[in-house]
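By convention in this document, chain letters (A, B, ...) are assigned in the order of the sequence lines, proteins followed by strands, and residues within each chain are numbered from 1. Treat the numbers as computed from the prediction; the structure is a model and nothing was measured.
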There are 2 protein chains.
Amino acid sequence: MKNSEGSQALLEEAASKLRQAGYKLTRPRRVIMEWFYRKQEHATPHQVHAAVKDFGVGLTSVYRNLELLAQVGILRQVCFHDGYQRYEPVLPGDHHHHLICSGCGKVVKFFNCDLDKLEEQLAAETGYVVDRHMLQVFGYCRRCQKDR
Amino acid sequence: MKNSEGSQALLEEAASKLRQAGYKLTRPRRVIMEWFYRKQEHATPHQVHAAVKDFGVGLTSVYRNLELLAQVGILRQVCFHDGYQRYEPVLPGDHHHHLICSGCGKVVKFFNCDLDKLEEQLAAETGYVVDRHMLQVFGYCRRCQKDR
DNA sequence: GGTCTAACTGAAATTTGATTTCAATTAGAC
DNA sequence: GTCTAATTGAAATCAAATTTCAGTTAGACC
């Protein structure tokens, strides 16, 4: 599967999710989604805006649509605990978390979190319907270890 | 061990940590630490300020000292992904995480995260020196399940 | 005890991320 | 093509967080 084709398929899937939820497929939304599917990386609202403002998409719309796209399940919020909101595209079969360097902020994805049993146990103990989880691991990357 | 005694011991331990790091034990710092050790709960900077302003501690000092106390290891940052910074006291032998209701924000602590092996594995794979991790589990509490 | 100085403080000003307002535009149903 | 509710961008606003700065204080050293 070529990347462009994958991107196209994702975009159609996303458009259908939007319609299903009763939202329009507007230009700003398409531009933002295309950008995320091309980049396949997390980004702050300001980073997204920097990337899409030349297509006439304002910062307000970026904020509004990042929230809306996350609510519909096209994006998800991630958090590196540095005071910035971030979003990343939800890609099929891509459950991962982030290992974050406390020195330079460099981020590495990892995939083996294995927290299903914990979720079940928590649900049983608390009566919560458990939805999802977020995990951040912190440390220092090789370069930052040397610099100290 | 009575609570007041525990609080006292924690405070002395904390004062020693401060001194060791080259910081002074000022009145605002003592007030903030005492409050956290008494309450033993997470709080936002504004909540802390509301609690300590009558002792003459300004909001600026609250922000500055929450950050400093976290850096020294007396407090730690926690995050419920609702856009507010939060801090909680670091208590001996108290490694826990939070189960958060996406409906009403209610928070339940839990203690069995069992991520040591994952941390080791990540360290081996990436060369990072792994420090710590943060985990948030999301769902809906009983009451919020009914309300939907 | 007193003296000294760098660390620290609170108040005010400022910055900045995020939200709200509102008149103009547009997607998409008909 | 027509219509209308959803959506937009710019500007105003809000609020969290940070910076500035002159005054205060903890605690090291007599």
Side-chain angles (χ1 to χ4, degrees), chain A residues 11-12 14-35 42-72 74-87 105, chain B residues 11-12 14-35 42-72 74-87 105:
Chain A
L11 203 62
E12 276 163 31
S16 139
K17 274 188 197 169
L18 267 184
R19 247 174 264 121
Q20 200 142 15
Y23 297 117
K24 293 180 181 176
L25 177 57
T26 62
R27 226 176 70 83
R29 285 173 192 163
R30 202 174 49 246
V31 169
I32 291 170
M33 292 190 296
E34 276 172 355
W35 183 78
H42 50 81
T44 65
H46 278 82
Q47 289 170 332
V48 175
H49 180 237
V52 301
K53 70 174 174 225
D54 291 344
F55 299 93
V57 180
L59 183 58
T60 315
S61 289
V62 168
Y63 274 106
R64 277 192 293 229
N65 286 317
L66 291 179
E67 188 182 346
L68 184 145
L69 294 172
Q71 186 218 308
V72 174
I74 293 169
L75 301 179
R76 82 163 63 89
Q77 262 202 299
V78 295
C79 180
F80 300 160
H81 303 277
D82 60 356
Y84 295 98
Q85 285 184 18
R86 276 167 225 273
Y87 293 85
Chain B
L11 204 62
E12 276 164 30
S16 140
K17 274 187 197 169
L18 266 184
R19 247 175 262 120
Q20 199 143 16
Y23 298 116
K24 293 180 178 175
L25 177 58
T26 63
R27 226 176 69 85
R29 285 174 192 164
R30 201 174 51 244
V31 170
I32 291 169
M33 292 190 296
E34 275 171 357
W35 183 78
H42 50 82
T44 65
H46 279 83
Q47 289 171 332
V48 175
H49 180 237
V52 301
K53 70 175 174 223
D54 291 343
F55 299 93
V57 180
L59 184 57
T60 315
S61 288
V62 169
Y63 274 107
R64 277 190 292 229
N65 285 318
L66 291 180
E67 187 184 345
L68 184 145
L69 293 173
Q71 185 220 306
V72 174
I74 293 169
L75 303 178
R76 81 164 65 89
Q77 262 202 300
V78 295
C79 180
F80 300 159
H81 304 278
D82 60 357
Y84 296 99
Q85 286 185 17
R86 277 167 224 273
Y87 293 84

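When the C1' atom of dT8(D) is taken as reference, atom CZ of R30(A) falls 14 Å away, rounded to whole Å. Note: CZ (R29(B)) to C1' (dG27(D)) measures 13 Å, nearest angstrom. Atom CG of L68(B) is separated from atom P of dT18(D) by 13 Å (rounded to the nearest Å). Per the geometry, NZ belonging to K53(B) stands 18 Å off C1' belonging to dT9(C), to the nearest Å. Taking atom CD on Q47(B) and atom P on dA16(D), their separation rounds to 11 Å, with Å as the unit. Across the protein-nucleic acid pair, H49(B) atom NE2 and dA16(D) atom P stand 12 Å apart, rounded to whole Å.
Checking the phosphate oxygens (OP1, OP2) of dT9(C), a side-chain nitrogen or oxygen of N65(B) falls inside 4.0 Å.
Checking side-chain atoms of R30(B) against main-chain N and O of L11(B) turns up no donor-acceptor pair under 3.5 Å.
Taking the six-membered ring wherever Trp is involved, the centroid distance between the rings of F80(B) and H42(B) falls below 6.0 Å. For H49(A) and Y63(A), the ring centers sit 6.0 Å or farther from each other.
Counting only residues at least two apart or in different chains, salt bridge (charged side-chain N to carboxylate O under 4.0 Å, His left out) contacts with residues 75-85 of chain A comprise R76(A)-E88(A), D82(A)-R86(A).
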Could you run down nucleotides 17-30 of chain C 5' to 3' and tag each one B, S or - for protein heavy-atom contact under 4.0 Å? SBBBB-----BS--
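In this structure, L68(A) and L18(A) have side chains that are in contact, with non-hydrogen atoms separated by less than 4.5 Å.
Looking at residues two or more places apart in sequence or on another chain, you find no ring pair (Phe, Tyr, Trp, His ring centres under 6.0 Å) involving Y23(B).
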